[in-house]
Amino acid sequence: MDGTFPIGARAVDSDVTFLAIDPSTDAKIEPAFAVSSEEDVAEACKLAEAAFDTFRETDPETRAKFLETIADEIEAIHEPLVARAIQESGLPRPRLEGERGRTTGQLRLFAKHLRAGTWASVIIDEAQPDRKPAPRADLRQRRIAVGPVAVFGASNFPLAFSVAGGDTASALAAGCPVVVKGHPAHPGTSVMVGKAIQAAVAKCGLPEGVFSLVQGPANELGAALVKDARIKAVGFTGSRGGGLALVALAAARAEPIPVYAEMSSVNPVILFPAALAARGEALGKAYVGSLTMGSGQFCTNPGIVVAVDGPDLDTFVEAAAAALGEAAPQVMLTPGIHASYDKGVAALAGHDAVETLARGTEAEGANRGRAALFSTTGKAFVADPALSHEVFGAASIIVRCADLAEVRQVLEQVEGQLTITLQIDEGDYADAATLVPVLERKAGRILANGWPTGVEVAPAMVHGGPFPATSDPRTTSVGTAAIERFLRPVCYQDLPDALLPKAVKHDNPLGLPRTEG
Ligand SMILES: NC(=O)C1=CN([C@@H]2O[C@H](COP(=O)(O)OP(=O)(O)OC[C@H]3O[C@@H](n4cnc5c(N)ncnc54)[C@H](OP(=O)(O)O)[C@@H]3O)[C@@H](O)[C@H]2O)C=CC1
Ligand SMILES: O=C(O)CCC(=O)C(=O)O
């Protein structure tokens with residue numbers, strides 16, 4: 001691996017470089033990576049704009065083959081890629097192998113979606129020249145790509161939410177050229193995947209500006225990308241502060257653009273009485289499994305458990321505390337993320353209304369996250385909004401409520417969420433039904449008798465939700481519906497067939513499904 005990054009068809013170098021850090025030791029790792037300049041950002045955006053009209057009008061089959069070629073290129077570097085991602089993220093091999101599979105799987109799923117054609121949402125309202133009192137014009141609607149898209153790689157998913165992750169896959173599927181701002185925590189992983197995409201662009205004979213990668217350790221780079229007038233939408237996964245900064249930059253542009261930022265979520269889990277009575281102990285153990293997976297570094301991590309107080313909740317709490325007390329420390333993604341986890345845990349531990357129920361085993365070595373379990377009362381939770389804020393890592397708080405009305409109050413208090421989970425048995429259905437309207441207002445995904453971590457990449461998936469889970473609750477970042485955020489409708493009124501794009505021509509040469517009005 002060399003330290004250059006791909007801009008269009010070029011490998012760009014620089015005298016200014018930075019090194020990745022192995023979070024398991026805090027040691028710097030070779031090679032040095034070129035830091036992209038603002039000129040590189042401008043060049044990437046210029047190439048993306050130049051590629052746009054050609055790329056967006058490629059046939060769906062061409063883009064499907066392109067996505068499959070990217071998947072092939074990534075598979076071809078599987079072993080060195082996974083090895084580098086382990087070094088840069090501290091995540092364990094099985095997790096990264098699974099994530100590699102999820103990444104290529106989602107590229108192939110978008111290829112299938114492109115071939116199905118429903119994404120183009122073609123609607124044909126044939127002319128009605130004899131309609132009284134006025135004739136109707138011929139109206140044809142399809143959706144087109146919005147323009148070049150900026151994608152910010154996430155630190156916690158170096159493959160599936162990074163350079164060739166969900167945002168890149170959905171934007172390319174839509175026909176949008178992509179400029180990725182790689183996360184500085186995993187520059188080697190980003191460059192390897194970036195070069196795989198660059199190779200796929202060349203193999204498929206596409207314009208070079210379809211893909212570029214910029215990276216460096218300063219956030220001015222990402223700011224320059226969002227401010228570039230040629231960028232028409234932004235995809236982001238990360239902190240609330242980072243996401244909001246990008247939203248503000250995008251809104252302040254002469255031409256404001258949408259930012260699809262996935263930010264913070266505490267993913268409440270509600271334990272209902274019959275489920276608690278039937279399997280409190282098993283639920284306690286399973287909860288800790290979901291909480292501590294990947295050192296808790298999932299935006300879907302179960303950060304809050306809400307239940308009516310009583311002996312069955314005690315059983316759950318005892319089982320959870322015992323399991324968490326045995327949880328071994330795990331390497332966190334970066335020194336910064338580890339430090340902010342420790343700070344968040346210390347704030348909860350020092351809170352007057354919070355009891356520390358258990359801590360994971362003692363941490364040894366650099367950046368080890370020690371799991372933490374807390375409890376509080378419904379009243380205290382409602383009184384202090386700070387108790388509902390995300391602590392990114394394996395920390396969670398159990399909220400003991402006096403009754404179902406207080407459970408509802410707690411849910412009304414929490415901000416927008418990616419997920420809300422119900423642990424229910426049949427005897428709980430009547431109570432749970434009364435909460436469903438609150439759950440729908442609060443979350444993008446409501447699940448029963450499972451755990452929120454581990455998002456299925458599927459057409460019906462919603463990985464989104466009201467603020468601050470995301471900056472725009474109308475879409476999803478996972479699943480084929482994610483393509484919709486990078487498309488916009490255009491209506492062609494009475495255009496002669498010769499001028500119509502293939503998608504809406506009278507003889508439907510692309511064979512796209514149509515809704516007839
Ligand atoms: N809920 C979730 O899914 C996640 C939450 N987090 C939270 O984020 C914290 C930090 O983690 P990290 O992953 O680095 O997330 P950040 O939000 O800090 O960074 C993500 C990306 O956005 C860029 N960025 C951040 N702020 C700005 C800005 N003001 N202007 C331009 N670009 C910006 C960063 O660039 P640069 O690094 O160069 O500044 C990086 O490329 C964690 O401790 C955790 O609290 C993290 C990951 C996922
Ligand atoms: O739980 C998952 O699989 C996805 C989590 C996620 O989107 C994130 O942590 O950023």
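Keep in mind that the numbers below use all heavy atoms, side chains included, and drop hydrogens, waters and symmetry copies. Ligands are counted one by one from 1 in listed order, and the atoms in each one are counted from 1 as well.
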If only atom types and distance count, is the side chain of [X] paired as donor or acceptor with the main-chain N or O of [Y] below 3.5 Å?
{"X": "S14", "Y": "V16", "answer": "yes"}
{"X": "H183", "Y": "F152", "answer": "no"}
{"X": "R370", "Y": "A327", "answer": "no"}

[X] N/O under 3.5 Å from ligand 2 N/O:
{"X": "V455", "answer": "yes"}
{"X": "R102", "answer": "yes"}
{"X": "N156", "answer": "yes"}
{"X": "F298", "answer": "no"}

### Task
List every atom of ligand 2 that sits less than 4.0 Å from any heavy atom of T237, numbering the atoms from 1 in the order shown and giving each element.
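Contacts of ligand 2 toward T237, numbered from 1: 10 (O).
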
### Query
What are the atoms of ligand 2, with element, lying closer than 4.0 Å to any heavy atom of C299?
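Per the distance check, 5 (C), 6 (C), 7 (O), 8 (C), 9 (O), 10 (O).
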
Would you tell me whether [X] and [Y] have side-chain atoms, one donor and one acceptor, within less than 3.5 Å of each other?
{"X": "K195", "Y": "T4", "value": "yes"}
{"X": "N267", "Y": "N301", "value": "no"}
{"X": "T470", "Y": "D472", "value": "no"}

Under a 4.0 Å heavy-atom limit, does [X] contact ligand 1 with its side chain, its backbone, both, or neither?
{"X": "P217", "answer": "backbone"}
{"X": "A154", "answer": "neither"}
{"X": "C299", "answer": "both"}
{"X": "F236", "answer": "side chain"}

### Query
What do you reckon, does G454 put a non-hydrogen atom under 4.0 Å from ligand 2?
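Heavy atoms of G454 do come under 4.0 Å of ligand 2.
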
### Close side-chain approach of Y287 to V269, heavy-atom, < 4.5 Å
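Of all side-chain heavy-atom pairs linking V269 with Y287, none is under 4.5 Å.
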
#### Entry: For S340, atoms of ligand 1 separated by under 4.0 Å from a heavy atom
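By the 4.0 Å cutoff, the relevant atoms are 43 (O).
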
Best match, [options]: closest heavy atom to [atom]:
{"atom": "atom 29 (N) of ligand 1", "options": "G243, A245, S265", "result": "A245"}
{"atom": "atom 1 (O) of ligand 2", "options": "T300, V478, N301", "result": "T300"}
{"atom": "atom 16 (P) of ligand 1", "options": "G238, P184, P468, S239", "result": "S239"}

### Query
Identify the closest protein heavy atom to atom 7 (O) of ligand 2: which residue and atom is it, and at what distance?
H463 NE2, 2.6 Å

### Query
Under the criterion side chain to side chain donor-acceptor pair (under 3.5 Å), which of T376, D384, T356 is the partner of H351?
D384

#### Entry: Minimal non-hydrogen separation, C176 against A145, with atom names
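Closest approach of C176 to A145: SG-CB, 3.6 Å.
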
